[in-house]
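Report on the following structure.
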Amino acid sequence: MSIASNLRDIKGSLPEGATLVAVTKYSEQEEIMEAYEAGHRVFGENKVQDLTAKYGAMPKDIEWQFLGHLQRNKVKYIAPFVSLIQACDSERLLAEINKQGAKVNRQIPCLLQVRIAQEESKFGLLPSDLKAMVESGSFANWPFVKVEGVMAMATNTSDNEQVAHEFAIAKEVFDWLKEHSTGANFEVRTLSMGMTQDYKIALSQGANMIRIGSAIFKS
Ligand SMILES: *Cc1c(COP(=O)(O)O)cnc(C)c1O
């Protein structure tokens, strides 16, 4: 299989309006260019250094997203160009994104990561904390943050029912956020969930953005 045909197959399984983020963390520029030449434009990385290097080296009409846990002291390196910060998981990180957004005069698109997995190691806001944060009005302090939705990662397990149950919790939080968020900080439209091993389950639970690495670049 080629990168182009992998992309075509996965895009073919998406509902109308859903976005495929091609995750490039295992990929060299040559492979990313193959995806680019096949027409793909939305890519994601989970290391700041790799993201800035690839952004610098590659065509400028690519939308580069940041995917995983983001350290606050590194926000400044990506603030000028990042198209979406996918995993905002604390008030302190949001405050830093706001600060760096102000410096470059950009309202930075963000997703709030909600913790759905039972695994201890996963980052993210508990649904109740996320709701409390929105209801408290904290976001008014962060005019350079634009919340576009919710991101979630399920437990890494072969128990499909458990994965579906976890994704359903994220969908509930997404629906809640759409209904309860107001003001210039919010334009809620994206529910990002699903990776190579579980994206079909994620789509069945309402995801409209999936993040795929291995199934594009390593199969
Ligand atoms: C690596 C990664 C992905 C993609 O994983 P694959 O299993 O290779 O599809 C998606 N989301 C995040 C946050 C990642 O770190």
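Note that these values count all heavy atoms, side chains included, but never hydrogens, waters or copies made by symmetry. Counting starts at 1 for both ligands and their atoms, following the listed order.
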Could you tabulate the donor-acceptor pairs under 3.5 Å formed by side-chain atoms of residues 55-66, not counting sequence neighbours?
| residue | atom | partner | partner atom | Å |
| --- | --- | --- | --- | --- |
| Lys60 | NZ | Tyr55 | O | 3.0 |
| Lys60 | NZ | Gly56 | O | 3.4 |
| Lys60 | NZ | Met58 | O | 3.2 |
| Asp61 | OD1 | Tyr36 | OH | 2.6 |
| Asp61 | OD2 | Tyr36 | OH | 3.1 |
| Asp61 | OD2 | Arg41 | NE | 3.1 |
| Gln65 | OE1 | Gln86 | NE2 | 2.8 |

Checklist entry - Under the salt bridge (charged side-chain N to carboxylate O under 4.0 Å, His left out) test, which residues partner Lys131, sequence neighbours left out? => result Glu172
Under 3.5 Å, N/O to N/O: give me all the pairs between ligand 1 and the protein, one per line with atom names and distance.
| residue | atom | partner | partner atom | Å |
| --- | --- | --- | --- | --- |
| ligand 1 | 8 (O) | Ser214 | N | 2.8 |
| ligand 1 | 8 (O) | Ser214 | OG | 2.6 |
| ligand 1 | 9 (O) | Thr196 | N | 3.0 |
| ligand 1 | 9 (O) | Thr196 | OG1 | 2.5 |
| ligand 1 | 9 (O) | Gly213 | N | 2.8 |
| ligand 1 | 11 (N) | Arg211 | NE | 2.9 |
| ligand 1 | 15 (O) | Lys25 | NZ | 2.7 |

Checklist entry - If you measure from NZ on Lys146 to CD on Gln107, what distance do you get to the nearest 0.5 Å? => result 4.5 Å
Please tabulate, for the side chains in residues 25-34, all donor-acceptor contacts under 3.5 angstrom to protein atoms that are two or more places apart in sequence or on a different chain.
| residue | atom | partner | partner atom | Å |
| --- | --- | --- | --- | --- |
| Glu31 | OE1 | Glu28 | N | 2.9 |
| Glu31 | OE2 | Lys218 | NZ | 3.4 |

Next on the checklist: If you apply the rule side chain to side chain contact (heavy atoms under 4.5 Å, CB included), what do you find for Tyr199 with Ser13, and how did you get there?
Outcome noted: CA-CA 10 Å; Tyr199 76 90; Ser13 73; 3.7 Å; yes
Next on the checklist: Classify the ring geometry of His180 against Trp176: parallel below 30°, tilted from 30° to 60°, perpendicular beyond 60°.
Outcome noted: parallel
